[in-house]
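Each remark here refers to the structure printed beneath this line.
Just so we're clear, the structure is a prediction, and the values are computed from it rather than from any experiment.
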Amino acid sequence: MRDLSKLVFCLAAALLSIFFASCSSSGNDDEKLITFHIGTSRNISTGLTKSLVTMPQSGFTLVVDNDPFMYSGDLNRVDVAKIIMPASGMPLFGFLFDCNDSGVKKLYYKSASNMGGYIVMLYQGAPVGLRKIDAPIDNGELFIVPELPLDTDLQEKADDMNASIKAIGEIVKKKREENSGIF
């Protein structure tokens, strides 16, 4: 059964890759892909499965898995959120991602097995934010600190990402309906 779910996931990922390759020239902004990757600041080789990623504002460099563990299809929505930093009492604004059932499982597994590492968020293939993994995330809510220019309208960016999440969700739903009779 586990191999079957891996096969279905691989097929869905392949179909989405083909779809995005064909849509990239159509100019449809609703299919911008959000991906989440595990990263580490440790000095390990990159090879074929990992790459160096430098965050755009802080300049922090990480070694990041090339394959995402979660993507737009694992999300319900994203909101702009504010947290208060415990030590300083200063507010910090960022993105709060709400995962669907599939995303909750993936997020918990990856956060539990990569304590001390980072979750790196890419949007359209570019690094946009990260989160230090300090505890397993079991509620399906992922707060990401953005690495965007200070004048960026976070709500506008969240609205843009929500359009992407909705579009990808519709594609995944349609593909599941089309393939429901295969197995």
Flag side-chain contact, heavy atom, 4.5 Å: Q57 against P149 | yes
In short, Y118 meets T40 closest at the heavy-atom pair CD1-CA, 4.4 Å
Pair Y108, N139: side-chain N/O donor-acceptor within cut-off below 3.5 Å | no
Does a donor on one side chain and an acceptor on the other come within less than 3.5 Å for N66 and S51?
-> yes
Inspect the surroundings of NZ in K132 and state if more than 12 heavy atoms from other residues, nucleotides or ligands are less than 6.0 Å away.
-> yes
Side-chain donor-acceptor pair under 3.5 Å between N100 and N76, yes or no?
-> no
In plain terms, say whether D74 and K106 are close enough for a salt bridge, that is, a side-chain N and a carboxylate O under 4.0 Å apart.
-> yes
Within-4.5 Å side-chain heavy-atom neighbours: F36 and V120 = no
Taking N162 for the side chain and V78 for the main chain, is one N or O donor matched with an acceptor at less than 3.5 Å?
-> yes
For M121 and I34, which heavy atoms make the closest approach, and how far apart are they?
-> CG-CG2, 4.1 Å
Hey, is the main chain of Q155 close enough, under 3.5 Å, to the side chain of D153 for a donor-acceptor pair?
-> yes
Flag yes if more than 12 heavy atoms outside D134 fall under 6.0 Å of its CG atom; otherwise flag no.
-> yes
Residue F143 excluded, over 12 heavy atoms near CZ under 6.0 Å | yes
